[in-house]
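One structure is given here, and the rest of the page talks about it.
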2 protein chains.
Amino acid sequence: MRFEIDPRSPRSPGEQLQDQVTFAVASGRLLPGAKLPSVRGLAAQALVNPNTVARAYRELEHAGVVESRPGDGVYVAARGDSRCAALSGKLVRERLGRAVDEALAAGLGEAELQEIVDRAVRRSSKEREVNA
Amino acid sequence: MRFEIDPRSPRSPGEQLQDQVTFAVASGRLLPGAKLPSVRGLAAQALVNPNTVARAYRELEHAGVVESRPGDGVYVAARGDSRCAALSGKLVRERLGRAVDEALAAGLGEAELQEIVDRAVRRSSKEREVNA
DNA sequence: GGCACTGTCCTATCGTGCTGGTACGGGGGT
DNA sequence: ACCCCCGTACCAGCACGATAGGACAGTGCC
């Protein structure tokens with residue numbers, strides 16, 4: 001499981017980390033019981049401060065997505081997957097909705113919009129293949 | 001032309017304002033030569049600080065989208081529309097792409113994604129009718 | 001027991017974006 | 001000429017997220 005931060009995103013690094021874990025759990029790429037990278041390890045990998053990772057993990061624990069076992073590691077919570085499903089669905093719907101609103105406000109027609117979405121889907125699934 | 005700020009958006013008020021003007025110009029809702037709301041007026045309407053609006057206008061002027069005539073007002077620049085077309089197209093593509101990536105990462109299938117987009121389009125065009 | 005690794009906590013500091021307030025100079029209608 | 005509204009500029013201050021560094025306690029392995 002790789003995590004990475006897009007510095008050009010308007011979302012803060014901590015939020016991006018949180019989102020990525022949530023989505024990975026919701027999609028089943030991270031199963032309940034799986035061990036997440038260590039705070040320090042993930043910080044080094046994602047080039048952020050360990051404190052930022054720790055805060056993200058703490059938020060996730062508060063949301064019931066993960067469980068942290070001090071001295072051992074952070075694990076996906078037992079029912080974290082179902083908890084994430086609703087959560088990530090809501091997030092995704094909200095953000096996709098916003099992006100579509102923007103696109104229409106910018107004068108794009110439905111056809112062009114459809115084409116952009118298709119293209120993004122194809123690009124994204126191609127990347128998924130490569131990483132498989 | 002109404003502008004409003006969504007405080008729940010991850011984007012800063014200034015950026016939201018900037019985007020909205022850009023999209024309005026790109027879509028032809030604001031034509032070259034049209035007068036934009038005054039710094040103070042828009043600030044009062046959108047519940048932000050006049051300084052924030054002034055900065056957004058300055059950025060837009062730097063991008064060649066608007067022209068400011070001190071003592072008079074801020075106007076859409078002569079070739080602002082064409083300048084915006086490319087700009088907003090790029091922005092929209094980027095953000096829609098990100099949202100689609102997220103949705104797929106969250107485990108949504110293409111069919112569900114399609115359904116969400118359709119729903120957002122319909123909701124959005126319904127709002128457009130109401131405001132027409 | 002000792003060691004390496006884990007998560008946790010705390011404080012100080014920086015950068016950035018927004019706020020609040022004030023002041024200046026120009027345009028345009030009266 | 002006057003006054004009102006306009007954009008512009010500048011400043012101090014605040015909030016927030018991220019950074020940096022250090023210290024602590026628990027777990028697991030040897």
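In what follows, chains carry the letters A, B, and so on, assigned in the order in which the sequence lines appear, proteins first and then strands, with residues in each chain numbered from 1. Worth knowing before you read on, the calculation uses all heavy atoms, side chains too, and leaves out hydrogens, waters and symmetry mates. All values reported here derive from a predicted model rather than from experimental measurement.
- Taking only side-chain nitrogens and oxygens, A/Thr52 comes nearer than 4.0 Å to OP1 or OP2 of D/dT19.
- Contact of B/Arg69 with C/dG26 (side chain to base): no donor-acceptor pair of N or O atoms is detected under 3.5 Å.
- Here C/dG17 presents its C1' atom at 11 Å from CG of B/Asn51, a figure rounded to the nearest Å.
- Taking every side-chain heavy atom of A/Glu61 into account, C/dT8 is the closest of C/dT8, C/dC18, D/dG17.
- B/Ser27 and B/Arg29 are linked by a side-chain donor-acceptor pair at a separation below 3.5 angstrom, with hydrogens and angles left out of the test.
- Taking atom CG on B/Asp6 and atom P on C/dC18, their separation rounds to 14 Å, with Å as the unit.
- Bending across the helix from C/dG1-D/dC30 to C/dT30-D/dA1, expressed as the angle between its end axes from five pairs apiece, amounts to 20° (10° rounding).
- The side chain of A/Arg58 places no N or O atom within less than 4.0 Å of a non-bridging phosphate oxygen (OP1 or OP2) of C/dT8.
- Closest heavy-atom contact between A/Gln45 and A/Phe3: NE2-N, 3.0 Å.
- In this structure, of D/dA18, C/dC18, C/dG20, it is C/dG20 that holds the atom nearest to the side chain of B/Asn49.
- Under the 3.5 Å distance criterion, the side-chain polar atoms of B/Gln20 are left unmatched by any main-chain donor or acceptor of B/Leu17.
- Of the residues near DNA chain C, A/Pro37 and B/Arg40, the one whose nearest nucleotide (by heavy atom distance) lies more toward the 5' end is A/Pro37.
- In this entry the distance linking OH of A/Tyr57 with P of C/dT6 reads 11 Å, nearest Å.
- Comment: A/Glu59 does not engage A/Arg55 in a salt bridge, judged by the lack of any side-chain N to carboxylate O separation of less than 4.0 angstrom.
- Between A/Arg98 and A/Glu102 there is no salt bridge, since none of the side-chain N atoms of the basic residue sits less than 4.0 Å from a carboxylate O of the acidic one.
- In this structure, A/Glu67 places its CD atom 16 Å from C1' of C/dT6, rounding to the nearest Å.
- Comparing A/Gly71 and A/Pro13 against DNA chain D, the residue whose closest nucleotide sits nearer the 5' end is A/Pro13.
- Of the listed nucleotides (C/dT19, C/dT8, D/dG7), C/dT8 has the atom at the smallest distance from the side chain of A/Ser68.
- If you take CD of B/Glu59 and C1' of D/dA9, they are 15 Å apart, rounded to a whole angstrom.
- Following rounding to the nearest Å, B/Ile5 (CD1) and C/dT19 (P) show an atom-to-atom distance of 9 Å.
- For A/Leu60 and C/dT8, the CG to P distance is 11 Å, given to the nearest whole Å.
- With B/Asp101 as the fixed residue, the salt bridge (Lys or Arg N to Asp or Glu O under 4.0 Å) test singles out one of A/Arg123, A/Arg119, A/Arg95, A/Lys126: A/Arg123.
- Checking B/Gln114 against A/Gln114 by side-chain atom types alone, a donor-acceptor pair falls below 3.5 Å.
- Of the side-chain N and O atoms in B/Ser38, one or more sit less than 4.0 angstrom from OP1 or OP2 of D/dC6.
- Put simply, A/Arg55 has a side-chain N or O that comes within less than 4.0 Å of OP1 or OP2 on D/dA18.
- Judged purely by atom type and a 3.5 angstrom limit, A/Arg83 has no side-chain atom pairing as donor or acceptor with the backbone of A/Val65.
- The interatomic distance linking B/Asp72 (CG) with C/dG25 (C1') rounds to 14 Å, in whole Å.
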